[in-house]
Amino acid sequence: GKNKRLTKSKKGGKKKAQDPFLKKEWYKLIAPSIFATKECGKTIITKTQGTKIASDGLKGRVVELSLADLNNNEAMSYRKVKLCVEDVQGFNCLLNFHGMDMTRDKLCSLIKKKQSIIEANVDARTTDGYIVRMFCIAFTKKQDDQLKETCYAKSAKVRAIRAKMVNTMSTLAGKGDLKTLVKALVAGTTGEEIEREASSIFPIKDCYIRKVKVIKKPKFDVTALMEWHNDDGQDVGANVDPAVAEETVAGSGGRL
């Protein structure tokens, strides 16, 4: 019969399975300086090989973090912040704000029967050229001495409150750059501001900016990104201990 090539090894022999993690490397994620925690995590990528450059594969990655971790403040655990890798320097990935959301359980805990829900959204442009879409949510509440079980708002009042929401959100975004906006969103005082404004129309409660999306970004600019990462430019000095009221003794003629 045929001369079977027993001596020669098969050409497409099985390759030895190599652990894919040997070809990977870890990069640190560096959050903007407005958050308390700078180093907020790590991400993994295959090492640069030929034309496939690792840093290009990292750019544009979006990470979602809890604001409780970023600011070491457990009260804000219902806020989720999305940050996007904009630049890679050494083994550090510099992140920029990409969006904000609310956890599902927080949102579900607000929704109840026998009340109206008012939602509004608006696209606004910041002074540094970002276009953000903001979503707001609020609920009607009973008057202080109300006996009636329900507190539904008429559609005209809902429209009026929605107009106030849109107005407040547009002003908030339009009056400063993205950094100012993110600071305001992290502080979370906008909801209370809308509540105060709308109280003349109908009493509302639990007003939150529930979601923020960055729709459009300006052209990438390294210096603008570095402003996010350098500690706010101005020297704020060391943290001062809270003033302790001293026990004073009334001396002769001395005011206490």
Side-chain angles (χ1 to χ4, degrees), residues 34-35 62-71 73-84 97-126 130-144 146 148-217:
I34 49 175
F35 300 111
V62 175
V63 292
E64 193 172 57
L65 299 150
S66 168
L67 193 55
D69 297 339
L70 279 173
N71 274 352
N73 174 9
E74 222 34 64
M76 297 306 272
S77 56
Y78 61 88
R79 276 260 178 257
K80 296 186 293 187
V81 177
K82 274 186 178 171
L83 301 170
C84 176
F97 181 76
H98 188 70
M100 195 177 77
D101 205 354
M102 234 166 146
T103 55
R104 174 140 188 168
D105 62 304
K106 173 72 173 174
L107 215 49
C108 295
S109 70
L110 301 173
I111 295 169
K112 300 183 181 75
K113 282 171 23 175
K114 302 190 172 76
Q115 59 181 21
S116 298
I117 180 169
I118 305 164
E119 289 188 286
N121 65 327
V122 67
D123 288 8
R125 179 189 283 272
T126 61
Y130 285 84
I131 294 179
V132 288
R133 183 170 294 159
M134 295 154 78
F135 297 82
C136 181
I137 192 168
F139 303 89
T140 57
K141 69 171 180 187
K142 288 183 180 179
Q143 300 276 16
D144 294 339
Q146 184 174 326
K148 195 168 77 166
E149 274 294 285
T150 59
C151 52
Y152 299 125
K154 292 221 171 99
S155 59
K157 292 200 167 165
V158 171
R159 275 204 303 275
I161 290 175
R162 200 174 288 128
K164 281 248 193 284
M165 285 177 173
V166 167
N167 198 1
T168 310
M169 289 193 291
S170 305
T171 325
L172 176 71
K175 72 180 176 196
D177 55 2
L178 188 67
K179 201 170 184 179
T180 343
L181 175 64
V182 175
K183 279 182 181 165
L185 293 171
V186 167
T189 50
T190 323
E192 291 159 23
E193 196 182 310
I194 295 172
E195 275 176 39
R196 277 197 302 277
E197 284 201 8
S199 60
S200 58
I201 304 166
F202 200 101
I204 59 170
K205 61 174 183 186
D206 295 334
C207 184
Y208 293 99
I209 291 186
R210 66 173 177 84
K211 195 172 191 177
V212 178
K213 293 181 188 172
V214 174
I215 303 286
K216 215 171 190 182
K217 295 183 175 179

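Below, all heavy atoms of this structure are taken into account, side chains as well, without hydrogens, waters or symmetry copies.
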| query | Are Glu64 and Val81 close enough, and set up right, to give a side-chain contact (heavy atoms from CB on, under 4.5 Å), and what steps lead you there? | reply | CA-CA 6 Å; Glu64 193 172 57; Val81 177; over 6 Å; no
| said: If I compare all heavy atoms of Ser116 with all of Thr140, which pair ends up nearest, and what's the gap? | reply: N-OG1, 2.9 Å
| query | Are side-chain heavy atoms of Ile209 and Met169 found at a separation under 4.5 Å? | reply | yes
| said: Can you tell me how far apart CG (Asn121) and CD1 (Ile137) are? Round to the nearest 0.5 Å. | reply: 12.0 Å
| field | Whether Glu195 side chain and Cys207 backbone form a donor-acceptor pair below 3.5 Å | value | yes
| query | Taking all non-hydrogen atoms of both residues, which atom of Ala173 and which atom of Val132 are closest, and how far apart? | reply | CB-CG2, 4.3 Å
| said: Within the 4.5 Å heavy-atom criterion, are Lys175 and Thr180 side-chain neighbours or not? | reply: no
| message | How close do Thr103 and Ser77 get, counting heavy atoms only, and between which atoms? | response | CG2-O, 3.9 Å
| said: Quick one, Met76 and Asn71 - any side-chain contact, counting heavy atoms below 4.5 Å? | reply: no
| Which atom of Phe97 lies closest to which atom of Leu83, heavy atoms considered | CA-CD2, 3.8 Å
| task | Please examine the side chains of Met134 and Leu181, heavy atoms only from C-beta on, and report whether any two atoms are closer than 4.5 Å. | result | yes
| Take atom NZ in Lys106; do more than 12 heavy atoms of anything else shown fall under 6.0 Å from it? | yes
| remark: For Gly176 and Thr126, the nearest pair of non-hydrogen atoms, with its separation, is O-CB, 3.6 Å
| request: Decide if atom NZ of Lys154 counts as having more than 12 heavy atoms of other residues, nucleotides or ligands within a radius under 6.0 Å. | output: no
| Closest contact, heavy atoms only, Thr190 versus Ala184 | OG1-O, 4.2 Å
| message | With side-chain contact (heavy atoms from CB on, under 4.5 Å) as the criterion, how do Phe139 and Leu110 come out once you've worked through the C-alpha distance, each side chain's angles and the decisive distance to 0.1 Å? | response | CA-CA 8 Å; Phe139 303 89; Leu110 301 173; 3.6 Å; yes
| note | Separation between CG (Leu70) and NZ (Lys80), nearest 0.5 Å, reads 13.5 Å
| said: Are Gln143 and Pro203 packed together at the side-chain level, in the sense that at least one heavy-atom pair is separated by less than 4.5 angstrom? | reply: yes
| task | State whether a side-chain donor-acceptor pair under 3.5 Å links Gln115 with Lys205. | result | yes
| field | Residues Glu119, Arg162: salt bridge by 4.0 Å N-O rule | value | no
| said: Quick check: do Phe202 and Lys141 have side-chain heavy atoms less than 4.5 Å from each other? | reply: no
| query | Out of curiosity, Leu67 CG to Asp101 CG, how far, rounded to the nearest 0.5 Å? | reply | 12.5 Å
| query | Are Tyr130 and Ile215 close enough that some pair of their side-chain heavy atoms sits under 4.5 Å apart? | reply | no
| note | Taken to the nearest 0.5 Å, the spacing of Ile194 CD1 from Ile204 CD1 works out to 7.0 Å
| Which distance, rounded to the nearest 0.5 Å, do you find between the CE of Met165 and the CD1 of Ile118? | 5.5 Å
| Atom pair SG (Cys151) and CD (Gln146), whose distance is rounded to the nearest 0.5 Å | 6.0 Å
| Is there a side-chain contact between Glu193 and Thr168, using heavy atoms and a 4.5 Å cut-off? | yes
| task | Carefully, step by step, assess Ser109 and Asp105 under the rule side-chain contact (heavy atoms from CB on, under 4.5 Å). | result | CA-CA 6 Å; Ser109 70; Asp105 62 304; over 6 Å; no
| request: Report yes or no: does Thr150 contribute a side-chain atom to a donor-acceptor pair with the main-chain N or O of Tyr152 at less than 3.5 Å? | output: no
| Does the ring centre of Tyr78 sit less than 6.0 Å away from the ring centre of Tyr208? | yes
